2 protein chains.
Amino acid sequence: MTSTRTRPAKPPLSRASIVAAALTLVDETGYAATTMRRVAQAVDTGPASLYVYVADREELMAEVYDLALADVTLPDEGDGDWRARIKLLAGRVIATLGSHDDLALVAITRVRTGRHALRIMEETLRLLRAGGISDAVCPWAADLIDQHITSSALERAARARAGGTREAVGAELDAVFEALPAGAYPTIHALRPSMTTTGDLAAQATWKLRVLIDGLLVAPGGA
Amino acid sequence: MTSTRTRPAKPPLSRASIVAAALTLVDETGYAATTMRRVAQAVDTGPASLYVYVADREELMAEVYDLALADVTLPDEGDGDWRARIKLLAGRVIATLGSHDDLALVAITRVRTGRHALRIMEETLRLLRAGGISDAVCPWAADLIDQHITSSALERAARARAGGTREAVGAELDAVFEALPAGAYPTIHALRPSMTTTGDLAAQATWKLRVLIDGLLVAPGGA
DNA sequence: ACCTGAACACCGTTCAAGT
DNA sequence: ACCTGAACACCGTTCAAGT
C-alpha cells in the first residue's frame, strides 16, 4: 500500500475511454440522447475537451459503432456451408447492432471503415466467393446483405424500444387496418389476421434471410 | 380589377400549405436542415404557430413523406406479370423517396399510415397474393420489400448528396481498400477492381430487386 | 503545449399574454 | 377563440484565455 487514496484516480481521458463511455450511454439512454455534452459528463470533463480526441459527434459515433461490432464472432467450419454461415453471420450482426438502440443509423450516414466492419465485410465476401458468386456480383451481394442488416437492426431496436408496449403498438396498427374501408384496401383487409400477428419474429427473420441468400442463386452471376 | 393590391394576399395558414412548404424545403436545403423554425419562416409566421396545425416535427415529416409518395404511379396490366410489376413499383418508390434527400428516414422512426403509403402497401400485397405467395408470408414479403425500399432510397439520397464529388468518394474508398493489408483482407483486396467501380448503378439496382423478388419463390410459402 | 470556460448560433416546444 | 412573442431547456462546435 504505497497510496493512501481511498478512491482510485479517474483514468486519464483517452479516445478509447470516451468511445466506451459513449457506448454505455447509448445503451442506457439511447442513441439520440447520447450527446457530446452527456458523454463529456460521463467522463467527467467539459464538452470542449472531447474535441481533442474526436473530430465531431459523427466520428465518435462511427467509433462507437465499430466497438459494438467487436462482439460479433465469425461462424466457423462447424456452422455449415457458405449459405448457412452467411445467414448466421448476418443474424449475429443484426442482433448485436439491434441491441444498441439506433446505433445502426451510423451505417446510413457513413462509409464504415472500422476494423470490425472490415473484418465482417471480408468474411462476407469470402463466403460469397466460396459459394461461387461471380466476382462482379460479390460486392453487390455484400451491399444488399449490408442494407438488410442495417434496416433489420433498426427495426429490432424500434421493437425493443416499444418494449412492454409491444402489444399496444400491434393493437394500434391493427385498429388502423380495421378502420380501413374494405373496398379500397381489400388485400390489407383480407390479410389482417396475418398482418399484425407478428407471430414468431425469429421465424420471420430467418425467412427474410433465406429469401435474400437463397435468392442470390437465382439471379445472374449466382452460381 | 376589384382590388388595388399589387401583391396577392398570402394564402392563409393551413396544414396542407405547411406540409407543402416543408417538402420544398427538404428538396432545397435537405431533411436535417428542414427545422420547424425554417418551415415557419417559409410560410411567413413564427415557429409557435405551426403547432396549431401539427403536433410536432415528427408528425409534420410523416405528412411530408406521404405527400412525396403521391407522385408514385402504380404499374398497370401493360407492365408485365406480378414480379415485373412489383419490381417496377419498388423501383419507382425508391426513385421518388431517394429524390427528397433523407426523407426516407421517416420510415425508420414511424409506422406510416398515410394515404399513399397504404395505397402502395395494398398494391404490393395484392401483387404478392396474385403471384401465389401464401397469406401467412405476404406480410413478411411486403415488409422485406419495404425495408429494401427505405435503405435503397437512403443510399440513393446519400449518392445524390455526394453529387459532383462522386468520383472523390469512390476514390477515397478505393484508397482505403488499397491501404488494407492484403494478408488480412485477401478477398477485399482481390475484388478491389469491382468494389469501387459501382459501374452501372441501374444494373445493380435491378439485380438487387431480382434477388429479392425472385428469391420469394425459393423460400417456403413462395409458390 | 495542452486544456477548457464561456460563448455562439442554433434547436423543438411551451405558454402566458395579447388581439 | 385564435394566434404568437418570448422564454425554456437544450444542442454541436469554437476559441480566447488560462495553466
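Just so you know, these numbers come straight off a predicted model, no measurement behind them. Residue numbers begin at 1 in each chain, while the letters A, B, ... track the order of the sequences.
- The distance between atom OH of A:Tyr53 and atom P of D:dT13, rounded to the nearest whole Å, is 18 Å.
- Computed from coordinates, the B:Tyr51 OH to C:dC15 P distance equals 13 Å when rounded to whole Å.
- Between A:Arg161 and A:Asp102, at least one side-chain nitrogen of the basic residue sits less than 4.0 Å from a carboxylate oxygen of the acidic one, meeting the salt-bridge criterion.
- Phosphate proximity of C:dC10 to B:Arg38: absent, as no side-chain N or O sits under 4.0 Å from OP1 or OP2.
- Distance B:Asp56 CG to D:dC10 P: 18 Å, rounded to the nearest Å.
- In this structure, B:Arg57 atom CZ and C:dC10 atom P are separated by 16 Å, rounded to whole Å.
- As the counterpart of C:dT19, D:dA1 is assigned, both hydrogen-bonding distances of the Watson-Crick or G-U wobble pattern falling under 3.5 Å.
- Geometric assessment of A:Arg57 against the ring of A:Tyr31 yields a positive cation-pi assignment under the 6.0 Å and 45° thresholds.
- Sequence order on DNA chain C of the closest nucleotides to A:Val52 and B:Thr34 puts A:Val52 first from the 5' end.
- Taking atom P in both D:dA9 and C:dA9, one finds a spacing of 22 Å when rounded to whole Å.
- For the 3.5 Å distance criterion, the side chains of A:His116 and A:Arg119 qualify, holding a donor opposite an acceptor.
- Ion pair A:Arg192/A:Asp174 flagged as a salt bridge, since at least one NZ, NE, NH1 or NH2 atom sits closer than 4.0 Å to an Asp/Glu carboxylate oxygen.
- Figure legend. D:dC11 is base-paired to no nucleotide; pairs are counted as Watson-Crick or G-U wobble with both atom distances under 3.5 Å.
- The nearest whole Å value for the distance from the CG atom in A:Leu50 to the P atom in D:dG12 is 10 Å.
- Between A:Arg15 atom CZ and C:dC2 atom C1' there is a gap of 18 Å when expressed in whole angstrom units.
- Here D:dC11 presents its C1' atom at 12 Å from CZ of B:Arg37, a figure rounded to the nearest Å.
- Under 4.0 angstrom from either OP1 or OP2 of D:dT4 there lies at least one side-chain N or O belonging to B:Thr45.
- Take the nearest nucleotide of DNA chain D for A:Ala33 and for A:Ala48: the residue whose nucleotide is more 5' is A:Ala33.
- Checked by atom type, the side-chain pair B:Gln147/A:Ser152 shows a donor-acceptor distance below 3.5 Å.
- Following rounding to the nearest Å, A:Leu25 (CG) and D:dC11 (P) show an atom-to-atom distance of 11 Å.
- Taking only side-chain nitrogens and oxygens, B:Ser49 never comes nearer than 4.0 Å to OP1 or OP2 of D:dC3.
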